[in-house]
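First comes the structure, then the notes that go with it.
Proteins get letters first, then strands, A, B, ... in listed order; numbering begins at 1 in each. Only this structure's heavy atoms are used, side chains among them; waters, hydrogens and symmetry mates stay out.
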Amino acid sequence: MIKVPELQQVKLYAGKLSDLERVMEYLRQRFNGATFMGYKLQNSMPVFGEINSLSDMPIRVSDIQRPGYYELIAGYRFRLSYASPKWYLLPPEHSILKVSPDYEFVDSTNNSLANKVVMFGIKSCDLNAIAVLDAILIGKHPIYTKKRSSVIAIIIEECLEPAETCFCSITGTGPTVLKGYDLAYARLDEDTVIFKAGSTLGEEIIKATGLREAVQEQVKSYYNAVERAMSIMSTRLPHLEEIQKALRRNVINEKLWKTLSEKCTGCGNCNYVCPTCFCVEIVDRVEESYTTRTALWTACCTYTYGLVAGGHFRRDLYMRYRHFILHKFLFYPKQTGGLLGCVGCGRCTTWCPLGLDLKETLVKVVEEVR
Amino acid sequence: MIRVLVAKLTSCSGCLNEVIYALTHSDIRAKYNVTYFTEVLNVDKISNAELAFIEGSITTKHQEEFLKNLRSQVEFLIALGTCALMGGVQSLRLEGNIEDVKKTIYPEPRYIDILSEVKPVDSVVKVDFAIPGCPINGDALVSFLRKYALGGLPVAIYETVCSECKRKNIPCIIVTQKSPCLGPITISGCGALCPQFGRGCYGCYGLKFFDITREKINALLDRLVELKVDEGNLKAILLAYSFKLYSKLKESRC
């Protein structure tokens with residue numbers, strides 16, 4: 001878990017929303033021609049995509065998130081869209097191979113690449129999710145590797161108030177950032193923005209935009225808000241070690257997993273919205289002029305997952321639901337060198353059409369042990 | 001050239017139109033020779049062929065015999081669309097007495113010689129391959145024809161409509177708009193046609209034939225009721241739902 005004293009070593013700067021606009025402007029000039037990506041409003045729904053100005057971003061809305069429920073209201077506490085940076089880094093559908101009728105191979109990993117990308121306003125949980133994807137895919141997945149290397153700057157927005165479905169303090173992935181970013185900002189209130197630098201680029205931005213150091217009172221209320229956010233989330237789940245221990249003990253508790261997945265229909269929404277889920281299925285599309293081998297996101301909760309020629313590894317739905325949870329909390333660390341597969345963003349809970357709550361599942365697993 | 005028969009039973013010909021569109025591709029025309037297709041050819045006799053496409057459900061005795069004959073003439077039979085696979089919209093009449101149903105439409109109902117039931121194609125003959133949908137997805141048919149000509153078959157991928165929404169960047173309409181949508185229990189393949197226009201899925205591709213039990217259907221319906229989805233809308237959507245598995249739905253709360 002992130003400790004507040006650790007944070008206090010970072011120098012804070014204060015500004016207004018207009019300063020955030022200036023930061024964006026500065027970056028635009030600094031990286032001429034770069035594409036800005038982040039959460040943005042499209043048909044009044046937040047998605048992940050290209051941002052042209054601050055007004056594209058959900059800066060004047062707050063999201064209400066509950067299991068299976070999402071609503072936007074007027075405000076300044078936007079947490080998350082269902083879409084994460086994964087939509088850019090590992091697109092839902094990407095061609096991995098093209099073959100012409102005379103069996104000539106065409107490298108298809110080159111197309112649809114933005115040359116330079118600035119991630120702007122992404123949240124701490126999503127930054128951590130990128131680190132998880134990096135650990136698994138960099139150097140192994142050519143498209144991810146290329147797209148990831150196109151990201152030249154990362155600007156983080158820290159949440160000072162968690163949504164009902166959030167639990168990033170439990171997974172140690174938020175709400176504040178310590179590393180892996182260039183500049184981070186948090187909205188103290190509707191117009192006051194606190195900035196901090198995470199790299200030399202961040203320091204350069206602060207210097208160039210002439211941001212002033214935050215006054216004592218602002219610093220205090222920033223840390224208070226962070227602490228409050230963490231304490232709200234800390235009551236939502238037991239400690240991570242306890243969760244992992246309980247999961248390990250209950251791997252073969254068939255009855256428990258059947259009960260926990262009672263309402264699950266195997267639709268896979270949790271997987272698709274999860275910022276760290278990276279599984280794809282391969283489809284060959286035969287066209288008149290060439291055939292494309294395409295990778296499509298798949299979901300471990302759907303029936304396709306584990307289906308192989310001659311059989312099925314996880315025929316029953318409860319086995320797939322269990323795999324989803326166990327993979328996030330027990331298996332990812334083995335794949336990533338220690339990083340947890342869950343970043344506590346709560347998307348799987350908000351975007352489950354049946355309203356299954358991951359937190360509830362974890363609490364029940366822990367209770368089973370107690 | 002691969003010889004093909006295209007036939008229909010009780011249906012609207014919407015899926016057959018997709019067959020016609022598929023035949024507009026020159027590479028497909030170069031590989032297939034359609035020898036029976038009442039919509040486009042002046043041929044009324046069925047002869048031996050490698051492939052046959054069948055659209056529609058069985059509602060008369062005559063159709064049953066026609067279908068059996070068709071099956072005996074071909075090596076590989078492909079059922080096209082919701083009617084052939086699940087009965088289709090005409091299954092709605094199963095709710096009432098057949099004589100009453102006839103009376104509501106025809107002035108002389110005694111001339112109408114139909115079965116009291118609506119049978120999907122596979123209840124009478126063996127089906128080798130199925131392309132679901134109302135109508136079917138034309139791309140899926142084109143893909144089938146191209147792969148079959150190369151000596152292969154498309155790999156069936158069992159997912160839900162939700163997977164197509166997410167891959168197309170469509171925010172869930174249950175979660176954001178409380179729309180009655182049956183996407184979470186319906187098989188994928190349509191490309192999320194309805195949700196991308198803000199309308200709930202009414203399940204034309206059919207209930208997933210794996211994972212889904214009565215309890216799962218009830219869980220989704222309970223959730224929709226909890227979200228205060230308009231009950232009239234919900235009922236309408238369920239009435240129009242897939243029909244082969246209609247009994248499964250009937251046992252649930254609707």
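In this structure, chain B has a heavy atom under 4.5 Å from the backbone of A:Pro67, while its side chain stays farther away. In this structure, chain B has no heavy atom under 4.5 Å from any part of A:Ser81. Proximity to chain A (any heavy atom under 4.5 Å) is restricted, for B:Arg223, to the side chain, taken from C-beta onward. Contact of A:Glu262 with chain B is made through the backbone alone, with heavy-atom distances under 4.5 Å. Heavy atoms closer than 4.5 Å to chain B are found in the side chain of A:Leu307, but not in its backbone. With a 4.5 Å cut-off on non-hydrogen atoms, A:Tyr318 does not touch chain B at all. Only the side chain of B:Lys178 comes within less than 4.5 Å of a heavy atom of chain A; its backbone N, CA, C and O stay farther away. Heavy atoms of B:Ser188 lying under 4.5 Å from chain A are absent altogether.
With respect to chain B, the highest number of heavy-atom pairs below 4.5 Å among A:Gly268, A:Pro353, A:Pro46 belongs to A:Pro353. Looking only at heavy-atom pairs under 4.5 Å with chain A, the residue among B:Leu220, B:Val155, B:Asn169 that has the most is B:Asn169. The candidate from A:Asp316, A:Asp284, A:Asn271, A:Leu72 with the greatest count of non-hydrogen atom pairs under 4.5 Å with chain B is A:Asp284. Of all the listed residues (A:Val273, A:Val283, A:Leu296), the one sharing the greatest number of non-hydrogen pairs under 4.5 Å with chain B is A:Leu296. Your options are A:Arg285, A:Glu93, A:Arg320, and the one with the most heavy-atom pairs under 4.5 Å with chain B is A:Arg320. Between chain A and the residues B:Pro184, B:Ala219, B:Ser26, the most heavy-atom pairs under 4.5 angstrom are made by B:Pro184. Heavy-atom pairs under 4.5 Å with chain A were tallied for B:Thr176, B:Ile174, B:Leu224, B:Leu227; the largest tally goes to B:Thr176. Listed options A:Glu281, A:Lys263, A:Glu71, A:Met45 were ranked by heavy-atom pairs under 4.5 angstrom with chain B; first place goes to A:Glu281.
At a threshold of 4.5 Å between non-hydrogen side-chain atoms, the residues B:Lys208 and A:Thr302 do not count as touching. Residues B:Lys166 and A:Tyr82 are in side-chain contact: their nearest non-hydrogen atoms beyond the backbone lie under 4.5 Å apart. Between A:Leu317 and B:Lys216, the closest side-chain pair of non-hydrogen atoms falls below 4.5 Å. No side-chain heavy atom of B:Ser163 sits under 4.5 Å from any side-chain heavy atom of A:Trp297. Side-chain contact check for B:His25 versus A:Glu288: some heavy-atom pair is nearer than 4.5 Å. A:Tyr272 is listed as a side-chain neighbour of B:Glu159, based on a closest heavy-atom distance under 4.5 Å.
Atom CZ of B:Arg3 sits in a crowded spot, with more than 12 heavy atoms from other residues, nucleotides or ligands closer than 6.0 Å.
Rounding to the nearest 0.5 Å gives a distance of 6.5 Å between OG1 of B:Thr160 and CG of A:Asn269. A distance of 9.5 Å separates SG in A:Cys301 from CG in B:Asp211, rounded to the nearest 0.5 Å.
A side-chain hydrogen bond (donor to acceptor under 3.5 Å, both in side chains) check over residues 343-356 of chain A, counting only residues at least two apart or in different chains, returns the pairs A:Gln65-A:Thr350, A:Asp126-A:Arg347, A:Thr165-A:Thr350.
Using cut-offs of 30° and 60° for the angle between ring planes, the B:Phe210 and A:Tyr303 rings count as parallel.
At a heavy-atom separation below 4.5 angstrom, chain A is approached by B:Arg146, B:Lys147, B:Leu150 within residues 131-153 of chain B.
With A:Thr265 contributing its side chain and B:Ile185 its backbone, the two residues share no donor-acceptor pair below 3.5 Å.
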